[in-house]
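The structure appears below as structure tokens.
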Amino acid sequence: MKIFKNKTDLIAHVDQLKSEEKTLGFVPTMGALHQGHASLIIEGLKHNTSVVVSIFVNPTQFDNQEDLIKYPRTLDSDVALLKDISEERIIVYAPTVEDIYGAEVSSNSFSYDGLEHEMEGKFRDGHFDGVGTIVKRLFEIVRPDNSYFGEKDFQQLMIIKKLVEKYQIPVKVNGCKIYRAKDGLAMSSRNTRLKPEYRAAAPFIYKTLKTAKEKFGTKSANMVTEWVEKEFAKHELLELEYFIIADAKTLKTVKRKSNKKAYRAFIAVYADDIRLIDNIALN
Ligand code: PAF
């Protein structure tokens, strides 16, 4: 498997592939790879000659320094997982902070037509500037034909589609279904840091989302939101940060339901000091 630690070598390799008219898929990650990432990579392999997987814990998208320090870094087991999928067709790019940012580790500022002001944007200061900065840089280095992002980070997916549209970056952005553990918990690199009792409690998040979806068939968005807030207020371990029912296109909180619009419910929950997010299509 080809593993590149610096962009100069990767760029030369991509130039070579492009001269051979090979198609390139791209799955950007922060490592601590799991089956959710594997499902994105497998999707990429179905539609491209090779798939580049970047492994880079991007400092500029963390609003919480402790979260950045504690974020799992597991390059050896990540490479082992990738080798099991395909030694020949996966290319790893695992750069240093310097390779990406040089001496100045800071993000550019982006406007995503208001998408950045909702949900995660309200609770994680500067997060989407950091995401935009890294994803744009990675797109410029990797120059993929197709890229793959999980719907678990649905707002991120929409923001990246907006970034590509605004900057006219020639890459297709594909959203892929949320990959869940058997008990329903959405796969996340953060799950490995959950203490056993919190891991056991965490499937409550998806269970509640599913019931909220059922209730949304007959009740107003406000009534469903109040019900979810009450469910979490009773819970002994999980603390709700937000539950929002939003227009799936604008991500604005729903005031009054319309039959013509698609809605989605979004949730952020603290399990001890680990922040988990999830979402579900409602109609
Ligand atoms: O979703 C993630 O893991 C990150 O936000 C991404 C897209 C790799 C950018 O650092």
Side-chain angles (χ1 to χ4, degrees), residues 4 7 10 25-41 43-44 51-65 67-75 78 81-82 90-101 105-108 110 112 115-116 118-121 123-142 144 146-164 167 169 171-179 186-193 266 268 274-279:
F4 294 96
K7 58 175 177 281
L10 176 70
F26 178 42
V27 179
T29 82
M30 298 208 295
L33 301 182
H34 49 66
Q35 288 311 308
H37 295 114
S39 69
L40 302 180
I41 295 162
E43 185 61 20
V51 170
V52 175
V53 178
S54 64
I55 297 178
F56 179 65
V57 182
N58 173 37
T60 63
Q61 70 186 74
F62 285 80
D63 59 326
N64 176 335
Q65 282 310 296
D67 197 21
L68 170 62
I69 292 162
K70 286 190 180 159
Y71 202 87
R73 289 157 172 89
T74 56
L75 187 59
D78 290 348
L81 180 143
L82 295 174
I90 294 176
I91 298 158
V92 177
Y93 176 42
T96 56
V97 172
E98 208 196 342
D99 193 50
I100 295 287
Y101 285 102
V105 186
S106 63
S107 45
N108 303 106
F110 294 90
Y112 309 98
L115 292 172
E116 72 277 24
E118 307 301 325
M119 299 178 297
E120 294 298 284
F123 288 89
R124 301 182 69 187
D125 199 25
H127 174 66
F128 288 121
D129 281 340
V131 170
T133 303
I134 184 62
V135 173
K136 187 165 178 287
R137 279 183 203 190
L138 289 170
F139 279 158
E140 284 160 1
I141 295 168
V142 178
N146 295 294
S147 61
Y148 300 86
F149 293 84
E151 286 187 348
K152 183 176 83 68
D153 298 294
F154 191 86
Q155 187 176 11
Q156 169 174 279
L157 168 65
M158 291 196 52
I159 276 180
I160 289 171
K161 285 186 173 165
K162 185 62 76 181
L163 177 85
V164 162
Y167 288 88
I169 305 170
V171 57
K172 181 159 188 255
V173 178
N174 299 281
C176 302
K177 288 218 158 2
I178 300 177
Y179 195 94
M187 286 285 189
S188 162
S189 304
R190 291 192 166 86
N191 295 355
T192 55
R193 289 177 48 214
F266 296 87
I274 315 289
R275 188 171 183 276
L276 302 172
I277 60 170
D278 202 345
N279 66 83

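Counting convention: from 1, in listed order, for ligands and their atoms alike.
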Proximal ligand 1 atoms for [X], defined as those under 4.0 Å from one of its heavy atoms:
{"X": "Pro28", "result": "8 (C)"}
{"X": "Gln156", "result": "1 (O), 2 (C), 4 (C), 5 (O), 7 (C)"}
{"X": "Ile134", "result": "9 (C), 10 (O)"}
{"X": "Gln61", "result": "4 (C), 5 (O), 9 (C), 10 (O)"}

Note to self: Donor-acceptor check, side chain of Asn191 to backbone of Ala186, threshold 3.5 angstrom: yes or no?
What the structure shows: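 Side chain of Asn191 to backbone of Ala186, a donor-acceptor pair under 3.5 Å: yes, one is there.
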Check: Okay, side chain of Ser189, backbone of Ala32: is any donor-acceptor separation there less than 3.5 Å?
Finding: yes
Note to self: Quick check: Asn58 and ligand 1, any N/O pair under 3.5 Å apart?
What the structure shows: no
Notebook entry, point to check: Where is the nearest protein heavy atom to atom 3 (O) of ligand 1: which residue, which atom, and how far?
Noted result: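 Looking only at protein heavy atoms, the one closest to atom 3 (O) of ligand 1 is Met30 CG, 3.7 Å.
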Next item on the list: Working to the nearest 0.5 Å, report the span between OH of Tyr101 and CZ of Phe56.
Entry: 5.5 Å
Next item on the list: Verify whether the ring centers belonging to Phe62 and Tyr71 lie closer than 6.0 Å.
Entry: yes
Notebook entry, point to check: Between Lys7 and Glu140, is there a salt bridge with N-O shorter than 4.0 Å?
Noted result: no
Item checked: Heavy atoms from other residues, nucleotides or ligands near CG of Asp125 exceed 12 (cutoff 6.0 Å) ->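 Count not over threshold, so no.
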Margin query: For Thr29, which part has a heavy atom under 4.0 Å from ligand 1: side chain, backbone, both, or neither?
Written below: backbone
